[in-house]
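One structure below.
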Amino acid sequence: MDEKYFPEKIEEKWQKRWEEEGAFFAVERDHSRTPFYCLEMLPYPSGFLHMGHVRNYSIGDALSWYKRLRGFNVLHPIGWDSFGQPAEQAAIKRGINPRDWTEDNINHMRGQLKRVGVSYDWRREMAAHTPEYYRWDQWFFLKMYERGVAYKKLSPVNWCPTCQTTLSNEQSSGGVCWRCGNPVEKKEIEQWFLRITDYAEQLLEDMREIEGGWPERVLTMQRNWIGRSAGAYVDFTIKDTEARVRVFTTRIDTIYGATAIVLAAEHPLLAELLADLPLKADVLKFVEHVRASARNRTNAGEEAEEKEGINTGLIAINPFNGEFLPVWVANYVLMDYGTGAVMSVPAHDERDFEFAQKYSLPVRRVIERISHEQESIEHDPTRADQSAAMEHAFSDYGLLVNSGEWSGKLSEDAIEEMARFAKDKNFGEEAVTYRLRDWGISRQRFWGAPIPIIYCNECGTVPVPEKDLPVRLPDHADFTGTGESPLAGVAEFVNTTCPKCGGAARRETDTMDTFVDSSWYFFRYCDPRNDSAPFDQERVTYWTPVSQYIGGIDHAVMHLLYTRFWTKVMRDIGLVPFNEPVKRLMTQGMVTNLVEGTNDWKRMSKSLGNGVDPDDMIAAYGADAVRLFVLFAAPPENELRWQETGIEGAVRFLRRVYGMVWRWRERLSDASETGAEEFSAAARALRRKTHQTIARITEDFEELHLNTSVAALMELSNALGDFGAEPQTAAGADAFAVREALESLVLMLTPFTPHVAEEMWESLGHEGGIIGGAALWPRADEELARKEDLEIPVQVNGKLRSRIRATPDTPEDVLRAAALADEKVQGFTNGREVVKVIVVPQRLVNIVVR
RNA sequence: GCCGGAGUGAUGAAAUUGGUAUACAUAGCAGACUCAAAAUCUGCCGUCCGUCAAGGGCAUGGGGGUUCGAGUCCCCCCUCCGGCACCA
């Protein structure tokens, strides 16, 4: 230890030592310790670490260290989400091989991570772009294909013209590409899908298992995304035909108010019945018009277009009352939700109302608001006022009127009974629909895992046999970015033989969405070199589900939904025995910085010029100080505003602690505990602070309140400074109190500033290092933490008026008497009647006077 | 519109879950050391009244309520952030 704090020197020393000792290796199947799986979202190897990464990994690292010091067997791994488009863009722009670009980036970022000193088990490092990994992506695909979870279909999908590939619904949320932010278009392409919709109900149901462990807003976002909606299907027969049109409604109770059936422009029934329509030409023209404007409507978040429609001339029959309803086509009915057809009830649906106003369709009221009067008075359905013109749809639940035999019922009851009736009569049934769509995983890109499928003219679609995996990406391709997968241009890749008949065949040239890679990577960490299975089940059962997952909120719906789905499929295949992959999730906030010349705090980015390079910060202040500041400046889930003065504060604090260790280092090793009676009041106070701090931080860690933990450490350090004892003159008991406080401080600093903590621990005379000695986390002694002398606030009528001194065991009546006798208190109670005295032992006294 | 989260000093934020509001830090101010500056150290730092003081009034987005006592619980309202949205 030098007299002065040189972070560079210390950090290099300990990083080297940890590496040599394999200090952070997680031990397989160690049943003597409780496993703890601490996971951070794996980074995309863009080339450089940014502050968001540093924050993410500092949080995870603090928790990992803490758990280790508490005696857990901690798995703390890292890897690379190394497939994806930037590598291909680099290839196109600069003529570099995507693999070289990716691996150079990984090498550079690995070096940066090591300089931050994150305690990873580097033996388990994985990278998605290696055949050893993506082979198992392909293996999973085959398993899903076998089970019908993976399937191919032609359908309109999201197409990003900038990225030249299709995207899943999740990746084009809000109508923009998740990666480049540009508007997406619809395109009819044959694509591979994963049947995530089969798991919609489970994805909702199983949230119960993780509630409390996951942030509420993430669960809400997923719930919104899945978009469950319970209602009923009702079939309307088309007059003079055999055809039936099925609608979905959540308000079957309003069906007597239906005055039209409205179809989406793409509704298949139109094509079917068009030939016989007198209005055929007009309808076709309208349909084309709707499609064209849908294509043009690229801007996300745009206001809904004006409703437009056309009467087809077809007549539908309301199965409840036999009424004839005109069939319209309109732009406000979406083909990809429900059945692509709705019953239009203008009186009770705002959209239908608007449409009816425009085209003068009748508005018929069939639900009445329940007033308090009506609740008590026998309701007379004939009394309902129909003549009054409505200004808005009435979309609340209420009482049915003008609804035949159903009149007089409450909406809630009618919804249930009418659906049952429809089912009995065979023209409908209860139904649940979801907003969630199947996960389209085909990407027309090179830098991804090839989909292991072969097309044979004789045998059709043939899965690649398991023994032939991996289907390797070729080393070179022509990166033209023309909208077709570059793989299609690689003859030696495309041309193959059919595994079934041996004849000439072609490979699928699309690759998999990179979110496939990240859906199961953390299982692979448990057994990263396995070449006969994605992982060994026993190992995975030991470590997973993940104890604590940490990452950005941006993946609330994409990655975190996919990985939940993937886990359920793995469970169904028999690979894991649980439903949910992650017990606890923490979503860390953004790291922002002032944009020069403005007052806006924005996420650090190159394009805004407000980025801060972690390497520069580490060079200037040391990794420990950077980490300490990042963890102290805000609660982990909040936005973190970068302030260089804040990081200077962190360094100042570390220097102060370091200085204390330096001054005391030779005095403490033989300072041992003496009899309690030898401790001065000040020494007892210091010991109290020490044990209170231990208790507080231990508690904070369970909830990841890392900022308050750091504050507590600063308080302890301040208390040590205020204690005032000097190494040369301190009495034995005082030296012991200092030793206890300082050693606790150093140990509890480890999760935040591991390098300097190790250095200080060594200087205090401990051999073997902190990580070398297991389970060193200090233990709080409740007895010593207890206050011996309290200041009890005394209130008069709830207002603080005085304080009295007391010991924790002062009985109630003594406290009461002392409070009443207090001089200041008497100034407020004199001449008034004491009505009541509330005494909360150890807390306060409140005197109520009149 | 629906769903979720949040509003506390100049700033980032604390508050043992109903019991002394503003811990810890940053910035600021004053002082010590210094030829000087930086660094370091000491003190002050919600707001108003009070000559300094002693002391008191008011303060946790606004209004009401429950309670001996409310930042915390209940009701109404406002604002901000996030998600979904012509979803039937």
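Numbered from 1 within each chain, the chains take letters A, B, ... in sequence-line order. Fair warning: this is a prediction, and the values are worked out from it, not measured in the lab.
Of all heavy-atom pairs spanning Ile252(A) and Ile415(A), the tightest one is CG2-O, 3.6 Å.
Residue Glu354(A) is out of contact with every strand shown, counting any heavy-atom pair closer than 4.0 Å. Among the atoms of the strands shown, only primed sugar atoms or phosphate atoms (P, OP1, OP2) are found under 4.0 Å from some heavy atom of Glu216(A). Heavy atoms of Asp352(A) sit nowhere under 4.0 angstrom from any nucleic acid atom. Residue contacts shown for Val333(A) include a base, since a base heavy atom lies under 4.0 Å away. Using a 4.0 Å heavy-atom distance criterion, Arg437(A) is classed as making no nucleic acid contact. Within the 4.0 angstrom heavy-atom criterion, only backbone atoms of the sugar-phosphate kind lie near Asn638(A); the bases stay farther away. When heavy atoms are screened at a 4.0 angstrom cut-off, Val848(A) is found touching the sugar-phosphate backbone but no base atom. The residue Arg801(A) sits close only to the backbone: its heavy atoms come under 4.0 Å of sugar-phosphate atoms, none of a base. Counting non-hydrogen atoms under 4.0 angstrom, Phe353(A) reaches nothing in the nucleic acid.
Residues of residues 337-345 of chain A that place a heavy atom closer than 4.0 Å to RNA chain B, in numerical order, are Tyr337(A), Val342(A).
On a pure distance criterion of 3.5 Å, no polar donor-acceptor pair joins the side chain of Arg655(A) and the base of U40(B). Judged by atom type and distance alone, Asn846(A) reaches the base of C68(B) through a side-chain donor-acceptor pair under 3.5 Å.
Taking the O4'-C1'-N9-C4 or O4'-C1'-N1-C2 dihedral as appropriate, G9(B) has a value within 90° of 0 and is therefore syn. Regarding the sugar-base torsion, U60(B) falls in the anti class, its angle being beyond 90° of 0.
Comparing atom distances between the Arg217(A) side chain and each of G4(B), A23(B), C3(B) picks out G4(B) as nearest. When each of U20(B), A85(B), G12(B) is scored by its nearest atom to the side-chain atoms of Arg435(A), the top-ranked nucleotide is A85(B). You'll find that the side chain of Lys824(A) is closest to G55(B), out of U40(B), G82(B), G55(B).
Between A14(B) and Asn707(A), a contact under 4.0 Å exists linking OP1 or OP2 to a side-chain N or O. Within the structure, every side-chain polar atom (N or O) of Lys307(A) is placed at least 4.0 Å from both OP1 and OP2 of C86(B). Side-chain nitrogen and oxygen atoms of Lys799(A) include at least one within less than 4.0 Å of the OP1 or OP2 phosphate oxygen of C58(B). An OP1 or OP2 oxygen of A88(B) is reached within less than 4.0 angstrom by a side-chain nitrogen or oxygen of Ser229(A).
The partner of G1(B) is C84(B), by the rule that a Watson-Crick or G-U pair needs both atom distances under 3.5 Å. As the counterpart of A30(B), U42(B) is assigned, both hydrogen-bonding distances of the Watson-Crick or G-U wobble pattern falling under 3.5 Å. Both distances falling under 3.5 Å, in either a Watson-Crick or a G-U wobble arrangement, occur for no nucleotide opposite G71(B).
Rounded to whole Å, the distance from CD1 on Ile226(A) to P on G4(B) is 16 Å. Atom NZ of Lys602(A) is separated from atom P of C81(B) by 12 Å (rounded to the nearest Å).
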